[in-house]
Amino acid sequence: MNIHTVNTPEQVEVAVTSASGILPAYSTPDAAGMDVRAFLDSPVTLAPGERALIPTGLRVQLPRGFEMQLRPRSGLALRHGITLLNSPGTVDADYRGEIGVILANLGSEPFTVNDGDRIAQMVVARYAAVTWRPADTLEASERGDGGFGHTGIS
């Protein structure tokens, strides 16, 4: 007998306004991130090493206990060196302003962003609020205080 478990992602309803009328969208059924588009009056060209805040025309009302992360698009990063400086950018549940994306051109050629271009990915996720418990000592672990590169290069 073959038993298959179907795991489906949690569905969360989020209120959204869009100045362009275009909502963020998943490109495939199992994508974690939704494509976010630029909302521009005119094209923005980023010279190599330059950065700019690109508006999206989106405003959201996330449920309490959720955050939105803005992440780079891998194709833009690989082909053009375009990334997000504060990656991942976090949108808190109580923020109601327009979502902007800080794009940076780490490539060697100018890059032009046009109205409607897909510029970032958006992931909505639960988060846990932390209550700190002051302690005099911490439990030992296998890693201990080994930092960056402590396990070697292979």
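- Within a 6.0 Å sphere centred on CZ of Arg79, heavy atoms belonging to other residues, nucleotides or ligands number 12 at most.
- A heavy-atom distance below 4.5 Å is not found between the side chains of Arg59 and Arg96.
- For the atom pair CG of Leu23 and CG of Asp35, the computed distance is 13.0 Å after rounding to the nearest 0.5 Å.
- Note: Leu84 CG to Gln121 CD = 9.5 Å, rounded to the nearest 0.5 Å.
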Handout entry: Steps toward side-chain contact (heavy atoms from CB on, under 4.5 Å) verdict (Glu109, His80)
Key = CA-CA 8 Å; Glu109 301 291 328; His80 304 285; over 6 Å; no
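- In this structure, Arg126 pairs ionically with Glu10, as a charged nitrogen and a carboxylate oxygen lie closer than 4.0 Å.
- The main-chain N or O of Leu46 is found under 3.5 Å from a side-chain atom of Asn105 such that the two form a donor-acceptor pair.
- With contacts defined as side-chain heavy-atom distances shorter than 4.5 Å, the pair Met34/Val124 qualifies.
- Using a 4.5 Å cut-off on side-chain heavy atoms (C-beta onward), Ile119 and Leu103 make contact.
- Put simply, the side chain of Ser20 never gets that close to the backbone of Phe39: no donor and acceptor are under 3.5 Å apart.
- When side chains are defined from C-beta on, Phe66 counts as touching Val12, because their heavy atoms get closer than 4.5 Å.
- Here Thr90 contributes atom OG1 and Tyr127 contributes atom OH; the two are 10.5 Å apart, rounded to the nearest 0.5 Å.
- Side-chain atoms of Asn114 and Leu40, non-hydrogen and from C-beta on, never get closer than 4.5 Å to each other.
- Under the 4.5 Å side-chain heavy-atom criterion for grouping Ile, Leu, Val, Met, Phe, Trp and Tyr, Val16 is connected to Tyr95 within one hydrophobic cluster.
- When all heavy atoms are compared, the tightest approach of Ala31 to Ser27 is CB-N, 4.4 Å.
- When all heavy atoms are compared, the tightest approach of Val123 to Ala32 is CG2-O, 3.7 Å.
- Other residues, nucleotides and ligands contribute at most 12 non-hydrogen atoms within 6.0 Å of the CG atom of Asp30.
- Side-chain contact between Ser87 and Leu70 is absent, with no heavy-atom pair separated by less than 4.5 Å.
- Annotation: side-chain contact (heavy atoms from CB on, under 4.5 Å) contacts of Leu85 (sequence neighbours excluded): Arg51, Ile102, Ala104.
- Residues Val14 and Val36 share a hydrophobic cluster, clusters being chains of Ile/Leu/Val/Met/Phe/Trp/Tyr side chains in contact below 4.5 Å.
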Handout entry: Working for side-chain contact (heavy atoms from CB on, under 4.5 Å), residues Leu62 and Met68
Key = CA-CA 8 Å; Leu62 295 167; Met68 180 178 290; 3.8 Å; yes
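- Put simply, OG1 on Thr83 and CZ on Arg73 are 12.5 Å apart, with the number rounded to the nearest 0.5 Å.
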Problem - Step-by-step side-chain contact (heavy atoms from CB on, under 4.5 Å) determination, Leu58 to Met122 - result: CA-CA 12 Å; Leu58 298 171; Met122 173 186 287; 4.0 Å; yes
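- Considering only heavy atoms from C-beta on, Pro48 stays 4.5 Å or farther from Ser108 through its side chain.
- Contact between Gly57 and Glu98 at its shortest, heavy atoms only, is N-OE2, 2.6 Å.
- Electrostatic pairing of Arg37 and Asp115 does not count as a salt bridge here, judged by no charged N lying under 4.0 Å from a carboxylate O.
- For CD of Glu13, the number of neighbouring non-hydrogen atoms (other residues, nucleotides, ligands) closer than 6.0 Å is 12 at most.
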Practice task
Could you give me the CA-CA distance, side-chain angles and deciding distance for Val44 and Thr112, then say whether side-chain contact (heavy atoms from CB on, under 4.5 Å) is met?
Solution key: CA-CA 6 Å; Val44 173; Thr112 300; over 6 Å; no
